Amino acid sequence: MSALDFSPSPTPRVLLLGGTREASLIAQMLAAQGTDAIFSYAGVTHAPLAQPLPVRVGGFGGVQGLVHYMQHESITHLIDATHPFAARISDNARAACAAVGAVALLRVERPAWQPRSNECWTQVPDMEAAARSLPQAPTRVFAAIGRKQLAALAQHAAQHHYLLRWVDVQDVDENTLKNIGLPNAHIVPLPLRAASHTVQDEIALLRQHRVQWLISKNAGGAAARLKLDAAHALGIQVVMVQRPTPSVAPPARFAHITQPAEALAWLASA
Ligand code: NAP
C-alpha cells in the first residue's frame, strides 16, 4: 500500500526504532520540524550516538511490551529504521502495529548491495551456509558479522583463523572466543562514524591480517561497502549472507522506503 493512501492523523507522535545511520538522519529531520517523537535504542552498544529527540533504551518485552508501550505513550506512527539484519524487532513492529491497528508503520531499509559486473560473490541464505561454504583446509577469514552469529562459525568452521571487528571490543575478548570454540580469532575495533575511513584503510587491514576470505552480511550502505571494494582489489573471495525476510505480514497501514528523506512525506500523509 502506498504511503499516500492514508488519511493524515491530527497530532502525530512518533516512535523511531533506531540503531542505524538512517534512524539518526530521520531523528534530525523530525527534530528540525518539531515533530513529537521518541527515539528508541536496543541498548546493545555502550556509547550510542546522542540524538536530538528524547531517547529511551532497551527492549520493550516482545510484541506485547511494544503494544503496551505504544498505547501508554499514545504513539500514532512507528518508524522502524533498524538494521536490515535486526529481524526480530522488525517482526515485532509489524505484529504490534497489526495488534494496535491505529498505529501506522513505516519500514526504512537501505538498499541491499548488488555485486558489480566484475565482482563475484558466493551468495548464501544464512550464517550456517556461510560457514559451510568456506574451504575445509584452515584459511584466514575476515568475518564481518557481529557477535550474535559467532556460534555458526564455531559449529561449522572452527578450524580457520578469524579476523573479527565490532564496536565494543571490550565486551568479548579472545579467551571468550576460545571458550565458544573459536581458538584462532583476532578482534579489532570498528572505525565507527569515521568519515575519513577509506578503502585504502580496508586494504591495509586485509593485508595486515593476510585475509583470504571475507564473510559479509548484505547490510547495504556506502561506508560498510568499503571492505567489499578492498576485498575485490586484493582478489579475496567474498561470501555474502543475504538478508532475512520478515516472518510476520505487514499491518494494514504500512509503507516501505529506502531513503530516510522520504520519511517526512510519509508522516505528513499517513
Ligand atoms: P533483533 O535481533 O531484531 O532484536 C532483538 C531484541 O532487541 C528485540 O526483540 C527487542 O527486544 C530489542 N530491540 C532491537 N532493536 C531495538 C530498538 N531499536 N529499540 C528497542 N528495542 C530493540 O536486533 P539486533 O540484531 O540484536 O539489533 C539490535 C539493534 O542493533 C537494533 O536496533 C539494530 O538496528 C542495531 N544494529 C543491528 C545490526 C545487526 O547486524 N543485527 C547491525 C547494526 C546495528 P524486545 O523484544 O524486548 O522489544
Side-chain angles (χ1 to χ4, degrees), residues 14-27 30 37-51 53-73 75 77-100 103 105-110 112-113 124-127 130 142-153 164-169 171-172 189-194 215-225 227 240-248 258 260 263:
V14 177
L15 175 60
L16 172 56
L17 303 176
T20 58
R21 181 175 172 276
E22 288 75 16
S24 296
L25 288 172
I26 292 170
L30 293 177
I38 303 168
F39 191 103
S40 178
Y41 274 123
V44 291
T45 54
H46 291 299
L49 268 183
Q51 297 295 339
L53 296 172
V55 172
R56 66 161 302 285
V57 180
F60 297 95
V63 175
Q64 279 316 311
L66 183 53
V67 166
H68 181 262
Y69 182 87
M70 291 198 297
Q71 289 174 330
H72 185 260
E73 290 291 337
I75 299 299
H77 296 75
L78 178 59
I79 301 180
D80 172 14
T82 59
H83 192 270
F85 279 78
R88 194 186 323 163
I89 187 69
S90 291
D91 279 348
N92 289 357
R94 287 171 167 231
C97 288
V100 174
V103 177
L105 174 62
L106 178 67
R107 174 64 171 137
V108 186
E109 189 176 29
R110 64 181 86 136
W113 295 312
V124 294
D126 53 34
M127 205 53 70
F142 177 19
I145 66 170
R147 289 169 281 173
K148 280 169 69 176
Q149 295 92 25
L150 293 174
L153 300 183
L164 303 165
R165 181 166 73 172
W166 46 64
V167 177
D168 293 314
V169 286
D171 285 355
V172 180
L190 186 68
L192 197 62
R193 302 159 208 148
I215 300 178
S216 173
K217 300 188 289 189
N218 197 332
R225 204 187 197 290
K227 61 181 174 286
M240 185 62 69
V241 182
Q242 291 157 3
R243 294 179 173 187
T245 49
S247 49
V248 175
T258 58

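Side chains are part of it too, since the values below use all heavy atoms of this structure and drop only hydrogens, waters and symmetry mates. Indexing begins at 1, ligand by ligand and atom by atom, following the structure's order. Note that the coordinates shown come from a computational prediction; the quantities given were computed from them, not determined experimentally.
- Near G61, the atoms of ligand 1 lying under 4.0 angstrom from a non-hydrogen atom of the residue are 45 (P), 47 (O), 48 (O).
- Residue contacts with ligand 1: A81 is placed with no nitrogen or oxygen under 3.5 Å of a nitrogen or oxygen of the ligand (distance criterion only).
- When each atom of ligand 1 is checked for a heavy atom of G18 under 4.0 Å away, the hits are 18 (N), 31 (C), 32 (O), 34 (O).
- Checked against a 3.5 angstrom limit, the closest N/O atoms of V44 and ligand 1 fall outside it.
- F85 and V241 make their closest contact through CZ-O, 3.4 Å (heavy atoms, listed as atom of the first residue, atom of the second, distance).
- Atoms of ligand 1 found under 4.0 Å from any heavy atom of A87, numbered from 1 in the order shown, are 3 (O).
- In this structure, H68 and H72 have parallel ring planes: the angle between them is below the 30° cut-off, well short of the 60° mark.
- Counting only distance, with no hydrogens or angles, the side chain of D91 and the backbone of S247 share a donor-acceptor pair below 3.5 Å.
- In this structure, of A93, A224, A42, the residue bringing a heavy atom nearest to atom 22 (C) of ligand 1 is A42.
- Under the side chain to side chain contact (heavy atoms under 4.5 Å, CB included) rule, L17 has a single partner from I79, V108, I38, D80, which is D80.
- Looking at atom 35 (C) of ligand 1, its nearest protein heavy atom turns out to be G19 O, 3.8 Å.
- Checked against a 3.5 angstrom limit, the closest N/O atoms of S90 and ligand 1 fall outside it.
- Ligand 1 places these atoms under 4.0 Å from at least one heavy atom of G62: 45 (P), 46 (O), 47 (O), 48 (O).
- Considering only heavy atoms from C-beta on, I26 stays 4.5 Å or farther from V14 through its side chain.
- Between M70 and L15, the closest side-chain pair of non-hydrogen atoms falls below 4.5 Å.
- Ligand 1 has an N or O atom lying under 3.5 Å from an N or O atom of S40, backbone or side chain.
- Under the 3.5 Å distance criterion, the side-chain polar atoms of R243 are matched with a main-chain donor or acceptor of A219.
- Side-chain contact between D171 and W166 is absent, with no heavy atoms from C-beta onward closer than 4.5 Å.
- Between T82 and R107, the closest side-chain pair of non-hydrogen atoms falls below 4.5 Å.
- Among all non-hydrogen protein atoms, the one lying nearest atom 36 (N) of ligand 1 is H83 CB, 3.6 Å.
- By the 4.5 Å heavy-atom criterion applied to side chains, Q51 and L16 are not counted as neighbours.
- Relative to atom 8 (C) of ligand 1, the option among T82, I89, D80 with the closest non-hydrogen atom is I89.
- Closest protein heavy atom to atom 48 (O) of ligand 1: F60 N, 2.7 Å.
- The shortest side-chain heavy-atom distance between E109 and E22 does not fall under the 4.5 Å cut-off.
- Geometrically, ligand 1 and K148 share a nitrogen or oxygen pair separated by less than 3.5 Å.
- Residues R110 and H83 meet the side-chain proximity criterion, which asks for heavy atoms closer than 4.5 Å.
- For ligand 1, none of its N or O atoms has an N or O atom of L17 under 3.5 Å away.
- Remark: distances from the non-hydrogen atoms of A219 to ligand 1 are all 4.0 Å or more.
- From the protein, the heavy atom lying nearest to atom 9 (O) of ligand 1 is R88 CD, 3.3 Å.
- Close approach to R56 involves these atoms of ligand 1, each under 4.0 Å from a residue heavy atom: 20 (C).
- Looking at K217 next to ligand 1, an N or O pair under 3.5 Å apart turns up.
- In summary, the atoms of ligand 1 found under 4.0 Å from a heavy atom of G59, numbered by their order in the structure, are 11 (O), 21 (N), 45 (P), 47 (O), 48 (O).
- At a threshold of 4.5 Å between non-hydrogen side-chain atoms, the residues F60 and N92 do not count as touching.
- Here is the list of ligand 1 atoms found below 4.0 Å of a heavy atom in N92: 9 (O), 46 (O).
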